[in-house]
Participant: 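Got a structure for you, written out below as structure tokens; questions coming shortly.
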Amino acid sequence: MATPPRSEVALLFGGEAGQGLQTLQTLMLRLLSQAGWHVFAASEFMSRIRGGSNSVTLRAAPHPVNAWCEKVDLCLILDPAALPRLQGRFGTETVVVGDPRSLGEVAGMIPLPLQELSKAAGGVLFANAIACGFLARLLGLDRELLNATVASYFGDSANAQSAANLAATRHGWEAAAPHAGCCALLLPSQPRAAAERPLLLDGSAAVALGALAGGCNFIASYPMSPSTGVLIHLARQARTHGVVVEQAEDEIAAINMALGSWYAGGRALVSTSGGGFDLMTEGLSLCGAIESPLVIHLAQRPGPATGLPTRSEQGDLELARYGGHGEFPRAILAPGTLEDAFLCAAHAFAMADASQSPVILLTDQFLLDSVYDIPDLPLADRPPETQIVVTAADYQRYAPSVNGVSPRGIPGLGAGLVCVDSDEHDAQGCITEDFAVRTAMVDKRLAKGELLRFDLALPPRLYGPADFTSLIVGFGSTYGCVREALARVDAPHTAFLYCPQVYPLPAEVVDALLQAQIVIVIENNATGQFARLLRAETGRGADRQWLKYNGLPFSVEEVVAHLQEEDWS
Amino acid sequence: MATPPRSEVALLFGGEAGQGLQTLQTLMLRLLSQAGWHVFAASEFMSRIRGGSNSVTLRAAPHPVNAWCEKVDLCLILDPAALPRLQGRFGTETVVVGDPRSLGEVAGMIPLPLQELSKAAGGVLFANAIACGFLARLLGLDRELLNATVASYFGDSANAQSAANLAATRHGWEAAAPHAGCCALLLPSQPRAAAERPLLLDGSAAVALGALAGGCNFIASYPMSPSTGVLIHLARQARTHGVVVEQAEDEIAAINMALGSWYAGGRALVSTSGGGFDLMTEGLSLCGAIESPLVIHLAQRPGPATGLPTRSEQGDLELARYGGHGEFPRAILAPGTLEDAFLCAAHAFAMADASQSPVILLTDQFLLDSVYDIPDLPLADRPPETQIVVTAADYQRYAPSVNGVSPRGIPGLGAGLVCVDSDEHDAQGCITEDFAVRTAMVDKRLAKGELLRFDLALPPRLYGPADFTSLIVGFGSTYGCVREALARVDAPHTAFLYCPQVYPLPAEVVDALLQAQIVIVIENNATGQFARLLRAETGRGADRQWLKYNGLPFSVEEVVAHLQEEDWS
Amino acid sequence: MSENRFARPGCDVAWCPGCGNYGILNQVRDTLAALDLDQQRTVLVSGIGQAAKLPQYLRVHYFNGLHGRALPVATAIKASNRNLTVIAESGDGDMYGEGGNHFLHCIRRNPDLTNIVHNNMVYGLTKGQASPTSPRGFVTPLQVDGVILEPFNPLAVAIALDAAFVARAYVGNVEETRAILQAAIQHRGYALVDLLQPCVTFNKLNTYQWFAAHTAPLPSDHDPGDRQQAFARACEEEPLRLGIFYQKEKPVFEEQLAAYAADPRPVHERRVDLGLLATTMRELGWG
Amino acid sequence: MSENRFARPGCDVAWCPGCGNYGILNQVRDTLAALDLDQQRTVLVSGIGQAAKLPQYLRVHYFNGLHGRALPVATAIKASNRNLTVIAESGDGDMYGEGGNHFLHCIRRNPDLTNIVHNNMVYGLTKGQASPTSPRGFVTPLQVDGVILEPFNPLAVAIALDAAFVARAYVGNVEETRAILQAAIQHRGYALVDLLQPCVTFNKLNTYQWFAAHTAPLPSDHDPGDRQQAFARACEEEPLRLGIFYQKEKPVFEEQLAAYAADPRPVHERRVDLGLLATTMRELGWG
Ligand SMILES: Cc1ncc(C[n+]2csc(CCOP(=O)(O)OP(=O)(O)O)c2C)c(N)n1
Ligand SMILES: Cc1ncc(C[n+]2csc(CCOP(=O)(O)OP(=O)(O)O)c2C)c(N)n1
Ligand code: SF4
Ligand code: SF4
Ligand SMILES: [Mg+2]
Ligand SMILES: [Mg+2]
């Protein structure tokens with residue numbers, strides 16, 4: 001079964017919840033990254049704590065990777081249910097590893113006596129280290145690097161746990177002897193120096209760091225997959241970075257708390273998923289009415305209702321755009337990379353603050369749970385300043401202004417009173433039913449939308465020829481697979497327009513749509529929400545739609561197949 | 001100040017909340033209706049219980065009227081604040097009536113010594129009867145009819161309250177002697193025989209009656225203007241018509257109760273306004289997921305947030321269309337007349353039941369609080385049947401089917417089990433994470449959208465030439481003013497497309513848009529939501545938009561002015 | 001118990017090995033059978049969470065709705081068809097957190113349903129955050145410095161709301177829990193069973209051992225008719241008392257509805273009376 | 001009282017003549033002045049309803065938000081700037097109905113704020129439907145056969161939640177109400193004042209006369225430190241007792257937040273520490 005050395009490799013681990021796939025993922029990511037590779041991992045898992053059947057796809061390549069692929073070079077199977085679930089992805093050259101004791105005899109499978117070795121090592125807890133040692137040897141990796149990685153993961157090597165895991169790793173390594181290098185990686189890659197270490201982050205961490213970089217100092221949220229990671233990251237930083245963190249009793253409380261915090265001078269975030277966002281929409285409307293800044297992280301998963309809680313979809317774009325009653329401006333940022341997740345999160349705070357409007361950061365389970373290496377995150381030179389004024393005695397919260405933005409005061413800072421009202425109000429914030437004031441206030445609020453469309457907008461990025469005739473348009477987490485697929489297929493005159501800001505549509509998006517003869521919109525939902533949004537806003541919709549809605553992200557192969565179906569002549 | 005007799009008349013009453021404008025409105029509507037006129041009244045009022053400054057516009061004409069106009073022929077002013085608020089609507093011929101004791105001297109005002117007469121009659125409670133008698137005489141109405149109307153309103157004439165009010169009416173009548181007929185109506189109109197009485201209904205009553213006709217037997221709601229009227233009407237009918245009525249603790253409870261009732265075989269309605277609807281959107285998504293029928297009455301008022309609680313707007317169309325996370329079909333019906341309010345409410349139940357989807361009945365404060373006469377409401381021949389099946393032992397709630405609709409069982413009827421789940425589920429209603437089942441279930445749910453677009457759709461109605469080149473498109477309560485304005489202005493090749501179903505768009509709407517050279521969309525909001533929806537769905541948007549968003553409905557005069565600005569050459 | 005007709009053998013149960021939910025499942029199933037309930041008239045309603053998966057594992061009608069919203073659904077089912085036996089069950093986060101407002105107002109309504117709350121003092125399905133009943137100081141991935149909120153005392157609150165039936169059980173006490181569930185289902189009106197349940201994965205504090213050591217039955221002289229006494233016992237923290245704290249006959253919600261004044265049939269059996277409707281139309285139509 | 005700097009003279013008050021809210025407005029205004037609060041640091045938060053309009057008629061900072069949602073807003077304001085005095089007030093429908101879940105969990109949190117509930121036992125602004133505190137049998141345009149739900153007893157529930165300060169006042173008793181409001185604002189932690197208020201337009205049952213006849217001060221020997229006694233008195237229906245039922249020193253929410261462990265400043269005074277952030281980034285970035 002040994003194959004010639006490969007320039008890149010795709011691993012797949014299948015197992016039950018609770019079998020430690022996450023640990024194995026981390027160990028292998030670190031090991032391969034330290035060995036000099038670019039790495040990527042994405043996990044798909046069921047909505048349960050133990051059992052079921054989950055998997056992790058892990059890629060290593062000499063160039064950066066950030067897309068999910070179906071192809072598998074080396075597959076480790078930990079539970080019997082995994083094999084039938086995953087084998088559709090196997091090719092003729094896929095190397096399959098598993099324990100015959102639990103899986104029975106499988107033709108061509110390289111046996112890894114995991115049960116036996118675990119028992120010897122001291123229990124199932126050591127299965128990950130064993131598997132790691134085993135896989136490392138199949139991949140032809142360096143043994144010292146392996147040991148260093150395992151040791152650093154489990155704490156310094158003096159500690160007993162670390163020592164036991166190192167021993168387990170060795171057992172795995174040794175058991176792999178008959179198959180050493182059977183799935184070897186081509187380049188005798190240079191291990192990285194510690195100083196050159198890239199960042200290995202998942203999307204949740206990137207969003208949380210971006211929020212901190214944006215000056216976030218308050219988060220109130222209610223746990224909900226896949227949004228909880230951001231909340232937990234910020235809870236861990238509460239002390240260090242001075243963030244007020246509260247688990248609210250429900251999503252309604254969460255968003256109202258966030259608005260209360262902005263009112264008092266905080267920079268608040270809420271993190272939720274579709275169902276929780278629904279519950280927040282009245283608060284979103286309040287945000288529009290009182291002209292408060294607000295950042296909402298909407299982490300998408302497949303709906304409707306509870307749907308598939310741990311899986312991925314881009315099915316809440318229209319909810320983000322239209323949720324909340326009445327009319328008021330908002331912005332929606334939909335990053336597709338870790339860097340953009342960071343930048344969009346940070347920028348969301350600046351946008352919200354400057355426009356006194358809600359900004360929705362639209363992510364999905366796939367992006368949030370994907371891990372890959374990036375050289376660095378672009379920290380700004382200076383900390384962000386909240387645009388608040390020291391009020392004078394005659395302060396008016398809703399003083400008229402050309403661009404719709406009134407200077408924002410906060411209680412306790414200055415001589416004025418800061419009065420905000422969810423009813424229609426006058427410049428002072430007092431309830432009014434005056435028809436002319438109503439009209440003026442609507443106009444004032446809507447004027448701020450122009451700031452979001454122009455001054456504060458995040459432009460789209462075009463990949464491919466500037467004189468394209470065919471244009472693939474996407475947002476959020478489809479970024480990686482489209483770029484990789486385009487690199488694989490010869491699609492002349494075709495460009496990819498990646499839109500980290502999906503609403504309001506920056507002028508460049510409109511221009512690109514007008515230039516295109518064929519517009520293809522790719523999105524991870526069933527009804528083509530982005531295409532509809534583009535048509536609603538510009539009159540120009542999609543000529544072709546690439547949709548997927550089974551709960552999984554697009555794979556590179558699927559996009560390649562779509563590209564190949566197109567007639568590029 | 002006497003003017004030549006008029007063929008129709010527009011009255012305006014201005015007063016504080018608590019001064020009895022509603023009683024006066026009812027008395028005058030009945031009187032004029034009994035006298036043989038077609039009548040219409042619309043009120044605009046502040047969000048307070050006493051004080052403030054409200055008004056009622058009441059029209060009488062030989063032909064049916066159902067639009068609000070700004071023109072005033074005869075104005076009764078009850079409070080000092082009303083005069084400056086309303087006098088912008090006066091023309092040179094407007095007859096103004098008021099009590100100099102409370103208003104001071106107003107040039108040209110016909111004095112009605114209301115304070116003095118009220119005191120004599122026994123107190124302020126009698127002011128309405130006095131005013132009614134006074135106005136009746138100015139209008140040249142028949143005294144016997146006046147007495148009969150007042151008597152029937154206050155109960156039989158033997159009763160003391162009735163007698164006192166009759167006396168008050170007489171005082172008013174007598175005080176008007178010097179000005180009798182100064183604002184006379186032209187036709188010595190024939191009083192109607194009692195049997196010919198038309199119905200005098202407001203929009204809330206029409207919706208409630210439509211719901212009953214649609215078989216509604218359950219309503220759970222939380223009070224919120226302007227949706228509360230429907231709830232109250234049904235509460236009054238609870239005993240007679242066997243309706244389970246419950247004031248929920250919040251809107252979330254309300255919609256979940258409604259879903260529970262449908263599950264158990266009920267036909268449930270919820271009634272709310274924008275903010276409450278926001279809170280219901282998670283339940284709406286649940287409705288989509290479990291494929292429950294549901295009827296939601298969304299009574300619009302100006303937002304965002306609390307906005308103008310007692311005023312009118314069409315600002316929640318996009319909320320109705322896109323609210324709720326994930327993807328599932330729905331229908332939105334937006335009646336513009338009382339007959340349609342009734343029919344749409346009844347049809348909403350049939351649609352929801354047949355498609356197992358949510359149907360949103362979209363109204364607004366103006367429609368709900370407008371009163372006019374209609375000959376009758378079209379009751380069906382047979383009571384609606386709920387489409388439920390007696391289950392067999394192997395019953396599957398989500399059995400596959402061609403049009404997406406699975407036979408709907410309920411607990412307690414048959415040998416099967418009825419299992420519904422908000423998670424993605426298989427045919428039996430059990431949780432699944434199978435990717436193929438997921439895809440099939442999404443397709444099944446979305447297939448039902450075609451039923452709503454075709455088989456069950458309420459088609460638009462076209463008024464004007466079939467070979468139009470200009471098309472005015474509207475939905476809901478703009479109906480009346482557009483039709484009246486078009487009757488007044490010569491707008492060749494222009495037709496009005498009135499859409500009681502705004503989503504999914506019936507094929508006829510699409511056809512009409514394609515035929516039109518110029519599309520004008522009229523809507524009572526600031527951002528042109530219907531125009532955007534049309535563009536999103538068809539690619540064809542508006543060439544011109546007539547928008548209004550100060551909290552008032554369009555007046556006939558405004559639409560006339562818009563029409564006159566158009567270049568019809 | 002494989003002959004138990006409420007059992008759904010062979011289904012893939014998504015709980016962790018050792019979870020307290022298995023015991024609850026058995027106890028609920030046995031109680032339904034012991035009461036000889038009509039399967040065709042038994043409806044379970046749940047929200048979202050580990051506890052809320054329970055109906056999936058029984059042969060009953062079920063409505064597995066939204067997180068926190070089981071009680072309004074259950075109330076409406078009962079109000080639409082009074083012939084059904086309705087049980088609303090979910091986790092502590094679901095019922096006392098997200099669904100707290102419904103908990104309050106459902107008790108005020110007093111529909112004839114049973115409310116079983118799997119109280120594991122943690123959010124299981126979302127991986128171990130604090131629930132409203134988590135003790136002070138409880139450390140979680142989110143409450144990194146420990147819980148700082150006063151734990152929610154469901155029994156005390158229910159008694160303050162004058163709930164018709166208020167009980168606490170512990171899944172480890174099989175017979176006692178069955179007896180309590182049985183009494184709760186038989187009680188006419190709203191019945192709360194706060195059912196202590198170890199979450200072996202995320203709650204390393206409130207374990208089987210902990211519950212065994214920190215619970216005790218109500219004293220034998222406890223009088224469930226005495227609201228003040230019930231409240232006092234509900235406030236006790238050590239030991240946590242088990243049993244029926246409070247019980248009272250009260251007017252039942254659905255029995256008082258005007259809709260049933262003249263017609264006892266479930267709403268699905270009724271048809272619109274068009275003649276009556278025409279009359280109503282005329283009545284309303286006179287302005 | 002025109003020199004009262006919290007007064008906002010000349011504003012158009014939207015309440016009905018004779019409404020109990022006028023008295024509450026005066027009492028709140030006088031209490032703020034009597035406590036000599038810093039106007040620049042006093043924030044009123046309200047929801048929607050007649051009661052919720054109160055902040056409009058005072059010279060204070062205010063956040064007049066959504067129906068039912070004053071408490072989370074108020075909690076966050078206090079948690080973001082501990083130098084502010086925060087008062088959350090609204091009607092009974094707002095606080096106990098739509099906002100019921102926040103009422104529960106705000107008490108559990110125990111932020112240092114005062115919660116004034118105008119309890120007129122009716123929904124005023126929406127024209128007279130029953131509120132959670134409406135008595136059984138109360139007939140309204142919506143409850144045409146009278147209320148069939150158990151009235152919500154806010155004091156009993158608050159005591160069941162072990163609230164830090166629980167009081168009931170009646171607007172007709174001017175001095176007593178001022179004293180209670182004063183104590184509530186001065187109390188460190190959450191303080192509930194359920195403030196009985198006649199709605200002269202929609203509640204023809206619970207009038208000034210009715211309240212005068214059916215309320216009485218707590219007995220002079222009442223011990224606000226005794227939770228059981230407080231609960232027992234809270235359960236009494238005739239007369240309705242007035243005064244401070246329960247009071248307790250408890251850890252305050254915002255004092256326990258990790259965000260303030262090293263830095264007492266309000267969040268608006270802080271800036272991101274970029275160096276620290278770079279370190280955190282590296283820490284998280286090692287997979
Ligand atoms: C509106 C909404 N918010 C959040 C969630 C995510 N969620 C699912 S279960 C759960 C909590 C589970 O805890 P509990 O109710 O105690 O049940 P357990 O899993 O402990 O049995 C949460 C927060 C959701 N499904 N819906
Ligand atoms: C989400 C939402 N639901 C309903 C309403 C309508 N509403 C406004 S005030 C109110 C109730 C008022 O009663 P209460 O809180 O007791 O105040 P009161 O007017 O009696 O002082 C309601 C239901 C609303 N504004 N928002
Ligand atoms: S996480 Fe806890 S509650 Fe959930 S199944 Fe596992 S042990 Fe049970
Ligand atoms: S309706 Fe009642 S509560 Fe509202 S202002 Fe009038 S009297 Fe006061
Ligand atoms: Mg739990
Ligand atoms: Mg009230």
Side-chain angles (χ1 to χ4, degrees), chain B residues 26 29-30 197 199-201 205 209 212-213 215 217-218 220 233 237-246 248-250 252-254 256-261 263-268 282-283 286 290 371 377 379-380 383-384 386 388 410-413 415 417-423 430-431, chain C residues 11 14 39-43 45 48 53 55-56 59-66 68-81 83-84 101-102 104-105 108-109 253-254 257-263 266-274 276-278 280-282 284-287:
Chain B
T26 304
L29 280 173
R30 290 189 182 180
R197 258 195 205 167
L199 295 174
L200 264 180
L201 290 169
L209 287 166
L212 289 174
N217 50 31
F218 189 105
H233 273 298
Q237 301 306 325
R239 194 172 288 265
T240 312
H241 289 279
V243 185
V244 175
V245 178
E246 180 58 0
E249 56 271 31
D250 55 30
I252 303 171
N256 280 282
M257 285 180 177
L259 291 171
S261 178
Y263 172 77
R267 291 170 76 93
E282 196 197 12
L286 174 63
I290 61 171
V371 186
L377 285 173
L379 285 184
T386 304
I388 48 185
I410 60 172
L413 198 70
L417 294 178
V418 184
C419 303
V420 306
D421 205 299
S422 74
D423 293 87
C430 296
I431 295 184
Chain C
C11 61
Q39 192 156 21
Q40 290 313 315
R41 300 195 170 187
T42 305
V43 183
V45 183
I48 294 296
K53 291 178 181 168
Q56 307 264 336
R59 286 197 51 80
V60 287
H61 300 286
Y62 64 75
F63 186 116
N64 187 183
L66 296 173
R69 315 302 172 191
L71 288 175
V73 172
T75 302
I77 292 172
K78 185 74 187 179
S80 300
N81 185 347
N83 302 330
L84 301 173
N101 206 29
H102 313 308
L104 294 184
H105 295 280
R108 293 184 51 229
R109 247 171 225 120
F253 174 64
E254 60 274 12
L257 291 170
Y260 294 111
D263 185 350
V267 293
H268 76 84
E269 292 182 15
R270 308 180 187 191
R271 295 296 167 269
V272 176
D273 182 332
L274 291 169
L276 208 55
L277 185 57
T280 303
M281 191 176 85
R282 285 284 140 198
L284 294 188
W286 199 191

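Labels below follow one simple rule: chain letters A, B, ... track the order of the sequence lines, proteins then strands, and each chain is numbered from 1. We use all heavy atoms of the structure for the numbers below, so side chains are in, but hydrogens, waters and symmetry mates are not.
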Participant: What's the separation between atom CZ in Arg271(C) and atom CG in Leu274(C), rounded to the nearest 0.5 Å?
Facilitator: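 Answer rounded to 0.5 Å: 12.0 Å.
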
Participant: By a 4.5 Å heavy-atom criterion (distance strictly below it), what part of Ala254(B) contacts chain C: side chain, backbone, both, or neither?
Facilitator: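 Contact with chain C: none, neither part.
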
Participant: Non-hydrogen atoms of chain C under 4.5 Å away: do they reach the side chain of Ala238(B), the backbone, both or neither?
Facilitator: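 Both parts, backbone and side chain.
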
Participant: At a heavy-atom distance under 4.5 Å, which candidate from Leu276(C), Val43(C), Asp263(C), Asn81(C) has the highest pair count against chain B?
Facilitator: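 Among the listed options, the one with the most contacts to chain B is Leu276(C).
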
Participant: Quick check on the interface: out of Asp250(B), Asp423(B), Leu29(B), who has the most heavy-atom pairs with chain C under 4.5 Å?
Facilitator: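 Heavy-atom pair counts peak at Asp250(B).
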
Participant: Below 4.5 Å, heavy-atom pairs only: which of His233(B), Arg239(B), Met257(B) has the largest tally toward chain C?
Facilitator: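 Heavy-atom pairs under 4.5 Å are most numerous for Met257(B).
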
Participant: Could you tell me whether the side chain of Tyr263(B) and the main chain of Ala76(C) form a donor-acceptor pair under 3.5 Å?
Facilitator: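 Side chain of Tyr263(B) to backbone of Ala76(C), a donor-acceptor pair under 3.5 Å: no, none is there.
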
Participant: Between chain C and each of Ser422(B), Ala213(B), Gly265(B), Pro384(B), count heavy-atom pairs under 4.5 Å; write down the option with the most.
Facilitator: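 With the most close heavy-atom pairs to chain C, the winner is Ser422(B).
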
Participant: Side chain, backbone, both or neither: which part of Val243(B) has a non-hydrogen atom closer than 4.5 Å to chain C?
Facilitator: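 The backbone, not the side chain.
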
Participant: What part of Thr240(B) lies closer than 4.5 angstrom to a heavy atom of chain C: side chain, backbone, both or neither?
Facilitator: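 Contact with chain C involves both backbone and side-chain atoms of Thr240(B).
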
Participant: If you measure from NE2 on His105(C) to CG on Asn101(C), what distance do you get to the nearest 0.5 Å?
Facilitator: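 Result: 4.0 Å between the selected atoms.
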
Participant: Using non-hydrogen atoms only, which part of Leu84(C) is less than 4.5 Å away from chain B: side chain, backbone, both, or neither?
Facilitator: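 Side chain only.
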
Participant: Side chain, backbone, both or neither: which part of Val45(C) has an atom under 4.5 Å from a heavy atom of chain B?
Facilitator: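 For Val45(C), neither part sits under 4.5 Å from chain B.
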
Participant: Could you look at Ile290(B) and say if it's the side chain, the backbone, both or neither that has a heavy atom under 4.5 Å from chain C?
Facilitator: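 Contact with chain C is through the side chain of Ile290(B) alone.
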
Participant: Supply the atom-to-atom distance Asn64(C) CG to Ile48(C) CD1, rounded to the nearest 0.5 angstrom.
Facilitator: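 Nearest 0.5 Å value for the CG-CD1 distance: 4.5 Å.
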
Participant: Nearest 0.5 Å please: distance from the CZ atom of Phe63(C) over to the CG atom of Asp421(B).
Facilitator: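 Between atom CZ of Phe63(C) and atom CG of Asp421(B) there are 9.5 Å.
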
Participant: Heavy-atom distances under 4.5 Å only: say whether Ile77(C) touches chain B with side chain, backbone, both or neither.
Facilitator: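 Both parts, backbone and side chain.
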
Participant: So what's closer than 4.5 Å to chain B heavy atoms on Leu104(C): side chain, backbone, both or neither?
Facilitator: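 It is neither, since no heavy atom gets under 4.5 Å.
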
Participant: Taking Asn217(B) for its side chain and Arg267(B) for its backbone only, find out whether a donor-acceptor pair lies under 3.5 Å.
Facilitator: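 Side chain of Asn217(B) to backbone of Arg267(B): a pair is present.
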
Participant: Need one label for Ala268(B): side chain, backbone, both or neither, based on atoms under 4.5 Å from any heavy atom in chain C.
Facilitator: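 Contact with chain C involves no heavy atom of Ala268(B) at all.
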
Participant: Only pairs of heavy atoms separated by less than 4.5 Å count here; which of Cys430(B), Gly266(B), Ala205(B) has the most with chain C?
Facilitator: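 Of Cys430(B), Gly266(B), Ala205(B), Cys430(B) has the most heavy-atom pairs under 4.5 Å with chain C.
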
Participant: Tell me yes or no: between the side chains of His241(B) and Thr280(C), is some donor less than 3.5 Å from an acceptor?
Facilitator: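 Per modelled atom types, His241(B) and Thr280(C) side chains form a pair under 3.5 Å.
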
Participant: With rounding to the nearest 0.5 Å, note down the distance linking NE2 in His61(C) to SG in Cys419(B).
Facilitator: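 SG of Cys419(B) is found 8.0 Å from NE2 of His61(C).
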
Participant: Side chain, backbone, both or neither: which part of Ala278(C) has an atom under 4.5 Å from a heavy atom of chain B?
Facilitator: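 Backbone plus side chain of Ala278(C), per the 4.5 Å heavy-atom cut-off to chain B.
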
Participant: Please give me the minimum heavy-atom distance between Leu212(B) and Val272(C), naming the atom from each residue.
Facilitator: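 Smallest heavy-atom distance, with atoms named: O-CG2, 3.4 Å.
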
Participant: Salt bridge or not between Arg109(C) and Glu254(C)? Use side-chain N to carboxylate O under 4.0 Å.
Facilitator: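 A salt bridge is absent here (no side-chain N lies under 4.0 Å from a carboxylate O).
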
Participant: What distance separates His102(C) NE2 from Arg69(C) CZ, expressed to the nearest 0.5 Å?
Facilitator: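 Separation between the atoms: 4.0 Å.
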
Participant: Is the closest side-chain heavy-atom distance between Phe218(B) and Val267(C) below 4.5 Å?
Facilitator: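 Result no, sub-4.5 Å side-chain heavy-atom pair not found.
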
Participant: Report the option among Ser261(B), Pro411(B), Gly283(B) that has the most heavy-atom pairs separated by less than 4.5 Å from atoms of chain C.
Facilitator: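 Top option by heavy-atom pairs under 4.5 Å: Pro411(B).
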
Participant: If you tally heavy-atom pairs under 4.5 Å against chain C, which of Ala415(B), Gly215(B), Ala258(B) wins?
Facilitator: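 The answer is Ala415(B).
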
Participant: Considering only heavy atoms, which portion of Arg282(C) lies under 4.5 Å from any heavy atom of chain B: side chain, backbone, both, or neither?
Facilitator: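 Looking at Arg282(C), backbone and side chain both touch chain B.
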
Participant: Measure Ala262(C) against the heavy atoms of chain B and call it side chain, backbone, both or neither at under 4.5 Å.
Facilitator: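 Neither part.
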
